[in-house]
Amino acid sequence: GISDHGCIEKSDFIKLAAKALRLEEDKEEKPPVLPPVSAQAQEEPGNDPSPEIETRPRSHSGSSLRSDWSNVSLGESRSCSRGSRSRSRGRGGKNVNGAVDSATETMRITPNDAAALSFGRMADKLGRVAEAEVELLEKELALEIRGNQAQRRRARKYARIVMNQRVGPHFTAEEFDDGDLTVLSVPPDVVGYVQGQAGSVLRSIEEEWGTMMVFIDTDLSRAQRLAIFGTIRGRRGSELKVLSAVETKMQGYFTTVRDEVINRDKYRDETGTWGTETMLFKDEGEISYALGKHGGTRRKLERSSGAVIQYVGMMAICSGSRDERMRAREYMKWLFQQLEGPVFVRGWDGREDCTVLDIPADCIGYITGNRRATLGAIEEEWGTLMFFMNESEDKGRGRGGTEMLAIFGQERGRRGSELKVMSGIESKSPGFFTRGLRDKESPRQGFDTDRMIFRDEEVSYALGKDGATRRKLEMASGGILQYVGCVAFFAGMYEERQRCRQFITWLLAQRRGPVTIADTA
């Protein structure tokens, strides 16, 4: 055993572990042998073989959720006030607040627990929901968790919930006090519809929103409580998705829980402005237009505004920070104004969520596509809202004129959409965007765009078959890479732009022979 003062004797270590787990000192037992990640706590004899954690003993106090749900506090998290006893200090790091408390700990599990955690890449899902690194060591029967104190606590909690599902719901109040839970009541008649075959519907919602969802009741004769774990945004997205499905099968159910849903988690995000707003559609025509083909219009409104947008029955529900909700309202208004004629956004040049690109009049049909297919594909790829912005119907239609294409959304999405449009226009009107451009390498650490001029023969090589090489470079660098004529544009943070430039340099150097990288460190 290892203490802060160095090595200690085996017998002293056993006593220390027994004291930490509140065992009697005369019940000594050989410590388990696990990988030397950190010191392991001793298993308490006679109890149910539940997992042990090296950082602190599991609490057996607290009432069951079944009998005392109303007393469970969903407010302030206690995870930050309880110190970790983990002895693993070899892995340092910073959490989101910049505090250095990242560590690694190991949770002992049984073979049945390992089987439950290995099903459907459950360990990966736990790590995604807890925002930690979770690795299942099946041979050693251990679960390795890396992250800061709050992340490790959430990962342990989620792992216990998954493992306890083998024997039925078993929750205590302590497991619900981290402010990461939403409980939604689902009518018994639609539980099967919400779950889907073999839980496929719930799993797809979990995958989309990065949450973990479990039913916590076994009495199928009454409403079932659905526990949703995750971030405030992920929980709200999952909750509204489930409510939309319930309303499809049981119209009018949302009105019974409307106030509870709208007021949930108010002001509890990092900005302190989180809230929910609603809008009622007039008829089926409006909701069909706002939904779009396969829900494409709703998704682009959601991604471009940054808010959570879902349609429940005839009502649009929008959740997010104050700025996100304001953007969602404006984007929805402009969407419906397009049914009446051209839309012009006054003051667009002073907005932080807007990019305007001049498009040659003779290329408008090409970049729009049949029934807006081309613009729609770009919106879907980058999560933006795009439309041509005119003060009058005939503006820019003359020979040699241009029209303004407005792109709304997050900065990265706007830049990706803009470069994609520029690439398409340049192929139809060579030199429109690239005439007179030179190499550019910005020293800015934040988001910016660099340029590299290609020779004609280099473009096709760097593009690859059907653009495969370009996409490979883009994914490897983490930035945005697009070829506009013979100019390569790469956008992103400073490190992403540097990686992209370096990868392109190596790629082009391979045309002349083997490439040697001097310093791989």
Side-chain angles (χ1 to χ4, degrees), residues 63-72 74 129 158 161-162 164-165 167-173 175-176 180-266 276-281 283-284 287-288 290-291 295 298 302 308-319:
S63 57
S64 171
L65 175 66
R66 288 174 165 277
S67 60
D68 196 19
W69 169 251
S70 60
N71 291 331
V72 177
L74 297 179
V129 179
Y158 302 155
I161 291 173
V162 171
N164 286 336
Q165 281 186 292
V167 293
H170 179 71
F171 303 99
T172 62
E175 292 172 325
F176 290 83
D180 60 347
L181 170 70
T182 294
V183 175
L184 179 65
S185 181
V186 179
D189 295 340
V190 296
V191 168
Y193 179 73
V194 169
Q195 284 182 314
Q197 186 176 8
S200 59
V201 175
L202 286 186
R203 300 294 83 82
S204 66
I205 297 175
E206 289 176 335
E207 186 69 24
E208 178 182 358
W209 289 102
T211 53
M212 187 178 78
M213 307 168 67
V214 292
F215 280 100
I216 57 180
D217 288 319
T218 56
D219 185 1
L220 301 181
S221 64
R222 60 187 181 91
Q224 304 292 296
R225 287 174 295 177
L226 179 64
I228 307 173
F229 295 94
T231 63
I232 185 172
R233 189 174 300 274
R235 298 197 314 272
R236 176 44 60 94
S238 301
E239 178 186 18
L240 294 181
K241 194 88 169 182
V242 171
L243 282 171
S244 180
V246 172
E247 190 71 15
T248 301
K249 286 292 186 180
M250 186 176 290
Q251 293 185 6
Y253 175 75
F254 177 69
T255 58
T256 64
V257 296
R258 182 181 183 276
D259 293 339
E260 177 187 355
V261 171
I262 291 178
N263 294 320
R264 200 192 309 276
D265 294 326
K266 200 170 185 180
T276 301
E277 299 177 7
T278 62
M279 184 189 79
L280 194 62
F281 292 112
D283 50 41
E284 291 289 343
I287 193 172
S288 297
L291 186 62
R298 182 195 63 81
E302 185 175 63
V308 179
I309 300 176
Q310 188 60 253
Y311 305 151
V312 180
M314 296 294 293
M315 183 174 293
I317 303 176
C318 171
S319 295

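Note that the coordinates shown come from a computational prediction; the quantities given were computed from them, not determined experimentally.
Every residue meeting the ring-ring contact (aromatic ring centres under 6.0 Å, His included) condition with Tyr311, not counting sequence neighbours, appears here in chain and number order: Phe281. Taking the side-chain hydrogen bond (donor to acceptor under 3.5 Å, both in side chains) definition, one finds that Gln251 meets it with nothing, sequence neighbours left out. Applying the salt bridge (charged side-chain N to carboxylate O under 4.0 Å, His left out) rule to Arg258 yields no partners; only residues at least two apart in sequence or on another chain are considered. Remark: Ser288 engages no residue in a side-chain hydrogen bond (donor to acceptor under 3.5 Å, both in side chains) (not counting sequence neighbours).
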Return all side-chain donor-acceptor pairs below 3.5 angstrom for residues 190-198, not counting sequence neighbours, or 'none' if the list is empty.
none

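Here the side chains of Trp209 and Val308 are in contact, with some heavy-atom distance below 4.5 Å. Between Val312 and Thr278, every side-chain heavy-atom pair lies at or beyond the 4.5 Å cut-off. Annotation: side chain of Gln310 is not in contact with side chain of Leu243 (no heavy-atom distance under 4.5 Å).
Using modelled atom types, no side-chain atom of Thr256 and backbone atom of Gly252 make a donor-acceptor pair closer than 3.5 Å. Between the Glu302 side chain and the Ile309 main chain, a donor and an acceptor come within less than 3.5 Å of each other.
When all heavy atoms of Leu240 and Ser319 are compared, the pair lying nearest together is CD1-OG, 4.4 Å. Between Val129 and Gly210, the closest heavy-atom pair is CG2-O, 3.6 Å. What you find for Glu260 and Val183 is that their closest heavy atoms are OE2-O, 4.4 Å. Residues Gly230 and Tyr158 approach most closely at N-OH, 4.1 Å, considering heavy atoms.
The OH atom of Tyr253 sits 14.0 Å away from the OG1 atom of Thr248 when rounded to the nearest 0.5 Å. Arg222 CZ to Ser185 OG: the interatomic distance, rounded to the nearest 0.5 Å, is 9.0 Å. Of the inter-residue distances, the one linking Ile205 atom CD1 with Leu226 atom CG reads 8.5 Å to the nearest 0.5 angstrom. In this structure, CZ on Arg235 lies 12.5 Å from CE on Met212, to the nearest 0.5 angstrom. Taken to the nearest 0.5 Å, the CG atom of Asn263 stands 8.0 Å off from the OG1 atom of Thr276. Interatomic distance, CD of Glu284 versus CE of Met314, reported as 5.0 Å (0.5 Å rounding).
The list of salt bridge (charged side-chain N to carboxylate O under 4.0 Å, His left out) pairs with a residue in residues 238-255, not counting sequence neighbours, reads Glu208-Lys241, Arg236-Glu239, Glu239-Arg264.
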